[in-house]
Amino acid sequence: MTELLEWSYEGTELAWIQDRLGRPDDGPGHVVSELVPRGLGSYLRVFHPFQATDGSGRTCSWRTLAEAYGIRFHAELSHRSLPTGTGPSGGPFWLAESGHLDGRSRQALQRCLAPSTGDQPVFYAYDLVAMSQVNSPVEHCSTLADLDSTHEAACAELGGNVDGPEFWWPQDRSWVVTTDHDLLSTYIGCSAETAKRILQTDELEALPVTPQTRVDFYADEANHLR
């Protein structure tokens with residue numbers, strides 16, 4: 001989960017997001033409003049696809065796994081509720097990446113965000129993943145189309161391959177994408193129109209959420225996960 005770090009966000013592009021993160025109560029677990037700032041019209045969860053660990057390159061959606069085992073597919077579904085089989089090395093056969101949206105999903109998301117973004121600058125921020133390397137968040141300003149090259153530059157700056165970006169958003173702050181370093185889904189705040197595009201694309205597995213939707217691994221009360 002994203003945490004409030006010891007360093008100061010004063011003077012950073014990321015400051016406005018950090019100022020709007022948090023939750024109004026002391027309920028259990030963690031919620032969307034701790035990841036994506038308040039005040040946006042719609043909120044979504046984009047599930048990171050499961051990938052086979054047998055080297056075949058196969059992928060599987062969360063809905064497919066859930067339906068195969070009679071498990072309810074919903075916005076607070078946890079990977080802990082899903083039987084993921086046994087892989088060649090004895091670990092899970094199906095694994096979803098934490099802290100990283102796969103390339104196919106990332107490109108589909110870029111296409112969905114493009115109509116509301118145009119050619120305005122887009123900011124990319126590395127927060128918690130940068131903490132052990134530098135003394136402040138690593139931020140880059142580029143374009144939506146340059147996400148991959150910007151990530152390569154950030155990796156070079158941080159001395160190796162890192163997750164992220166954890167946050168990305170356009171200059172007009174009309175949407176925010178957050179990929180927390182230890183979660184298996186990406187969360188987005190955006191307009192209703194942009195949310196509709198994301199929900200309608202076949203290349204992304206997404207569901208609507210609210211700022212109060214839980215995001216932690218133990219949130220899946222619908223499937224009796226405690």
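With values rounded to the nearest 0.5 angstrom, Ile188 atom CD1 is found 12.0 Å from Leu35 atom CG. With rounding to the nearest 0.5 Å, the separation of CD1 in Ile71 from CG in Leu77 is 7.5 Å. Separating the SG atom in Cys190 from the CZ atom in Arg197 is a distance of 8.5 Å, to the nearest 0.5 Å. Considering CD of Glu10 and CD of Gln18, their distance stands at 14.0 Å, rounded to 0.5 Å. Annotation: the span from Gln171 atom CD to Thr117 atom OG1 amounts to 11.5 Å, rounded to 0.5 Å. Note: Leu101 CG to Arg106 CZ = 6.5 Å, rounded to the nearest 0.5 Å.
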- [ ] Apply side chain to side chain contact (heavy atoms under 4.5 Å, CB included) to Leu147 and Thr150, showing your working.
- [x] CA-CA 5 Å; Leu147 168 58; Thr150 301; 5.6 Å; no

Open item on the list: What verdict does the side chain to side chain donor-acceptor pair (under 3.5 Å) test give for Tyr9 and Asp127, after you've listed the backbone C-alpha separation in whole Å, the side-chain angles of each residue and the deciding distance to 0.1 Å?
Closed with: CA-CA 10 Å; Tyr9 294 98; Asp127 191 7; 2.9 Å; yes

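In this structure the side chain of His140 reaches within 4.5 angstrom of the side chain of Val138, judged on heavy atoms. Contact of the Glu13 side chain with the Phe167 side chain is not registered, since no non-hydrogen atoms from C-beta on lie closer than 4.5 Å. Within the 4.5 Å cutoff, no side-chain heavy atoms of Leu113 are placed close to those of Gln110. In this structure the side chain of Ser42 never reaches within 4.5 angstrom of the side chain of Pro208, judged on heavy atoms. Contact of the Leu95 side chain with the Gln51 side chain is not registered, since no non-hydrogen atoms from C-beta on lie closer than 4.5 Å. Arg23 has its side chain out of reach of Gln212: every pair of non-hydrogen atoms, C-beta onward, lies at least 4.5 Å apart. Counting only heavy atoms from C-beta outward, the side chains of Trp175 and Val122 approach each other to under 4.5 Å. Between Leu44 and Leu199, the closest side-chain pair of non-hydrogen atoms falls below 4.5 Å.
The closest donor-acceptor contact from the side chain of Ser191 to the backbone of Ser174 lies at 3.5 Å or more, if one exists at all. Side-chain N or O atoms of Asp216 include none that pairs as donor or acceptor with a backbone N or O of Gly29 at under 3.5 Å. Distance alone, capped at 3.5 Å, places no donor-acceptor pair between the Glu139 side chain and the Phe123 backbone. With hydrogens and angles disregarded, no donor-acceptor distance shorter than 3.5 Å links the side chain of Arg214 to the backbone of Val31. Judged purely by atom type and a 3.5 angstrom limit, Tyr187 has no side-chain atom pairing as donor or acceptor with the backbone of Ser33.
At a cut-off of 3.5 Å, with distance as the only test, no side-chain donor of Gln107 or Asp148 sits close to an acceptor on the other residue. For the residue pair Tyr126/His151, the side-chain donor-acceptor check at 3.5 Å is satisfied. A side-chain donor from one of Arg58 and Ser56 sits under 3.5 Å from a side-chain acceptor of the other. Of the N and O atoms on the side chains of Thr179 and Thr186, at least one donor lies less than 3.5 Å from an acceptor on the other residue. Residues Ser78 and Ser81 bring no donor and acceptor atom of their side chains to less than 3.5 Å of each other.
You'll find the ring centres of His79 and Phe217 inside the 6.0 Å limit.
Between Asp102 and Arg104 there is no salt bridge, since no side-chain nitrogen of the basic residue lies less than 4.0 Å from a carboxylate oxygen of the acidic one. Salt-bridge formation is not detected for the pair Glu76/Arg45: no Lys NZ or Arg NE/NH1/NH2 atom is positioned less than 4.0 Å from an Asp or Glu carboxylate oxygen.
For residues 34-65, the set of pairs meeting the ring-ring contact (aromatic ring centres under 6.0 Å, His included) definition, not counting sequence neighbours, comprises Phe47-Trp62, Phe47-Phe73, Phe50-Trp62.
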